[in-house]
Structures are given as C-alpha cells and as structure tokens.
J.: 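Provided herewith is a single structure, encoded as structure tokens, for subsequent inquiry.
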Protein chains: 2
Amino acid sequence: MADKTLRDILQAHGLKSTFQRLSILEYLMTHETHPTAEMIHDDLSDISLATIYNTLDKLVDVGIIIVIDTLKDDKRHYDYYGEPHYHIINSNTNEIIDADNFDVAPLFEAARQVSGLNITGFHIEIYGVDPDQAK
Amino acid sequence: MADKTLRDILQAHGLKSTFQRLSILEYLMTHETHPTAEMIHDDLSDISLATIYNTLDKLVDVGIIIVIDTLKDDKRHYDYYGEPHYHIINSNTNEIIDADNFDVAPLFEAARQVSGLNITGFHIEIYGVDPDQAK
DNA sequence: AACTAAATTAGAATAATTCTAAAAGAGGGA
DNA sequence: TCCCTCTTTTAGAATTATTCTAATTTAGTT
Ligand SMILES: [Mn+2]
Ligand SMILES: [Mn+2]
Ligand SMILES: [Zn+2]
Ligand SMILES: [Zn+2]
C-alpha cells in the first residue's frame, strides 16, 4: 500500500505518523500546484488549519518540503522537495514551473569561494514572461 | 551634489522626487544591511511608516530595489539592486552576503528551454553554515 | 491495556502590511 | 512667479496570514 511509503518517509525523518501528516504529505507529493496552507485546508477540510500549519512547519524543518515566499500574493506556498530543483515563475500568470536541468555545483563553488561557508542548499527562481506578450 | 544623481535615478524611472524618496533610496544605496521597512523607519524617523512602505513598493515596481522574503523572521527585507547579483545566506546568523561571481546566462538558457518563456530576471539564494560549526 | 510524550484542535492573539481619506507637495504651464 | 492638477504623504484604522494557548486526543511503546 502507498501508505507504507509515506509512513517510511515520515519515520526516516523522525516524525510520528498521523493521518493528518500522511494526508498532507501525500497531498503535496501528488499536486504540482505549489499550494498555500489555505489551499490545502480547502481540500483536506477535516484537518484543522492549525495542524496544517504545524505539519507544514515540521515538514519544512526536516527538509521534505520547501517554502516559496516570492509570489506577490502574500501567502506562503509549499512544495514537495523530493529532489532538488529550481523554479521558473511566469510573471504573467504566477505559475510556478519545476525544473532541474541545471547543475548547481559551479554556483555552489562560487558561493563557497566568496563566503567561506559550507553550502547546504539553494533556492533559485527564474522569472519570465510569455514571449508573445507585448513588451 | 550627490542629490543630483538620486533625482536622476528616480526621474529615469518616472518617479517624482520627494525628500522621502531621495532619503529612502540613498539609505538603501549606502547600507549593506538589507533592512526591513521597520529598520528604515527607525533610522529615517521623520518619514511615516506608510510612506516607507509606499516608497519601497514603488522602488520595487520600477526595479531599483528587490525584496528578499526568504528569511525566517517574517519580515520583508529590501536590497538596492544597482547591479544584478545573488545572495548567500549564513543560516547560523541570517546574514545576507551579496555576490556576483557567477554567470547566470547558462541558467537563463536552461530556463528558457524548459519553459519557453522570455527570461526577465532571477532571484538566487545560496544557504550555508559556518564551516567550523559542529554538524 | 496502560503510560507518556507528542500531536491535534478551536479559538484568541499577534503583527506585518495594507487601506482610507484628508492634507501637503511636485512639477508643468501660463 | 503663481496657479492648477495630479501625485504623494500621512495618521490611524483595518486586514489577514500566521502564531500562540491550553485543553484534548493520539501514537508508539512497555
Ligand atoms: Mn512573507
Ligand atoms: Mn503577515
Ligand atoms: Zn518545486
Ligand atoms: Zn543584495
């Protein structure tokens, strides 16, 4: 059962399995919509909004999901982060496109050189507009 | 006078020159602190907080400054964006380091290929920790 | 089955940001 | 320089996404 896998993911990160966490994680894994807490709550309406927020915070803490806080709608968007990837944002529609066709190693090395830090992760957003749009 | 240059920048972007706008723009150009609206208001206390927000919005709209909304402090940080650059964030201290030692052209090309969009800009944050820190 | 630390919940609280609508100012033309 | 008009500024109220509280339930273990 698919349930098994979800439990494993949670346990591998030291999180207890509750049906709330299983539902929310599954929701994020199966939706490409980069939803907000409210959007998730609309669909999983049996789970309290406080739990939605608590769970999302936990999933972010352990690195299963990430936050995208760059859209102009003043809401946090969440994203399952099974594999590292970057985002392309269509400024006309605010659509977020996942992409991974770029090797970040040279960028990590550049950042290490400048800062002397141990690089642990990245957050890349590329903005674009529909090519046919005037201007 | 330095005033002249600031006026020119505002006018070049179609913004009227007010002493509030000149002050805020100069503040951002001369501080590396990536301040919040509140931090700016603390230092430029003659300017109302509403105007700080209004002005920052305008400067963002015309592209003179950018917003960094990724820190865990739940506040927007602002950054003079005279030249394109990326950010390295020390996760131990939340310090934001400016860097420009990386050519984004290949990344732009990768994004264009995936999305078909006309790429207009980017927002890159690289996270790191002090190398001596345990773990 | 019983235990206990952790998770969930409803609702209140917080606070960054936005809005309102009235007063002041900038810039252009006469 | 003096209007004129549109834009900007402002104090304070309003909004609202998110966080907090404290009581209840549950997961995982013994
Ligand atoms: Mn935010
Ligand atoms: Mn907020
Ligand atoms: Zn994504
Ligand atoms: Zn910067």
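Because only heavy atoms are used, hydrogens play no part in the values below, and waters and symmetry mates are left out as well, while side chains stay in. By convention in this document, chain letters (A, B, ...) are assigned in the order of the sequence lines, proteins followed by strands, and residues within each chain are numbered from 1.
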J.: Return the CG to CD1 distance between B/Leu71 and B/Ile89, rounded to the nearest 0.5 Å.
T.: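 Here the rounded value is 5.0 Å.
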J.: What contact category does A/Asp46 fall into here, base, sugar-phosphate, or nothing, at under 4.0 angstrom with non-hydrogen atoms?
T.: sugar-phosphate
J.: Pick the nucleotide of DNA chain C nearest each of A/Thr55 and B/Gln11; which residue has the one closer to the 5' end?
T.: A/Thr55
J.: Just compare C/dA26, D/dA27, C/dA10 and give me whichever is closest to any side-chain atom of B/Thr18.
T.: C/dA26
J.: From the list D/dG28, D/dT18, D/dC20, which nucleotide is the closest neighbour of the side chain of A/Ala50?
T.: D/dC20
J.: Applying a 4.0 Å non-hydrogen cut-off, can you work out what B/Thr51 is touching in the nucleic acid: base, sugar-phosphate, or nothing?
T.: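 Here B/Thr51 touches the bases of the nucleic acid.
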J.: Which of these nucleotides, C/dT18, D/dT8, D/dA27, is closest to any side-chain atom of A/Asp74?
T.: C/dT18
J.: Within this structure, what is the CG-to-C1' distance between A/Leu15 and D/dA27, rounded to whole angstrom?
T.: 13 Å
J.: OP1 or OP2 of C/dT9 less than 4.0 angstrom from a side-chain nitrogen or oxygen of A/Gln20, does that happen here?
T.: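 Answer is yes, contact under 4.0 Å.
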J.: State which of D/dG28, D/dT10, C/dA7 makes the closest approach to the side chain of A/Lys58.
T.: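 Minimum distance to the A/Lys58 side chain belongs to C/dA7.
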J.: Give the ring-plane orientation class for A/Phe102 versus B/Phe102, where under 30° counts as parallel, over 60° as perpendicular and anything between as tilted.
T.: perpendicular
J.: Counting the atoms with a prime plus P, OP1 and OP2 as sugar-phosphate, which does A/Ser17 contact under 4.0 Å by heavy atoms, base, sugar-phosphate, or nothing?
T.: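 Sugar-phosphate contact only.
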J.: Please report, rounded to the nearest Å, how far the P atom of C/dT17 is from the CG atom of B/Leu49.
T.: 9 Å
J.: For DNA chain C, whose closest nucleotide is more 5', that of B/Lys16 or that of B/Ala37?
T.: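 Looking at the nearest nucleotide for each, B/Ala37 comes out on the 5' side.
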J.: From the set C/dT18, C/dG27, D/dT10, return the single nucleotide nearest to any side-chain atom of B/Arg76.
T.: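 Closest of the options to the side chain of B/Arg76: C/dT18.
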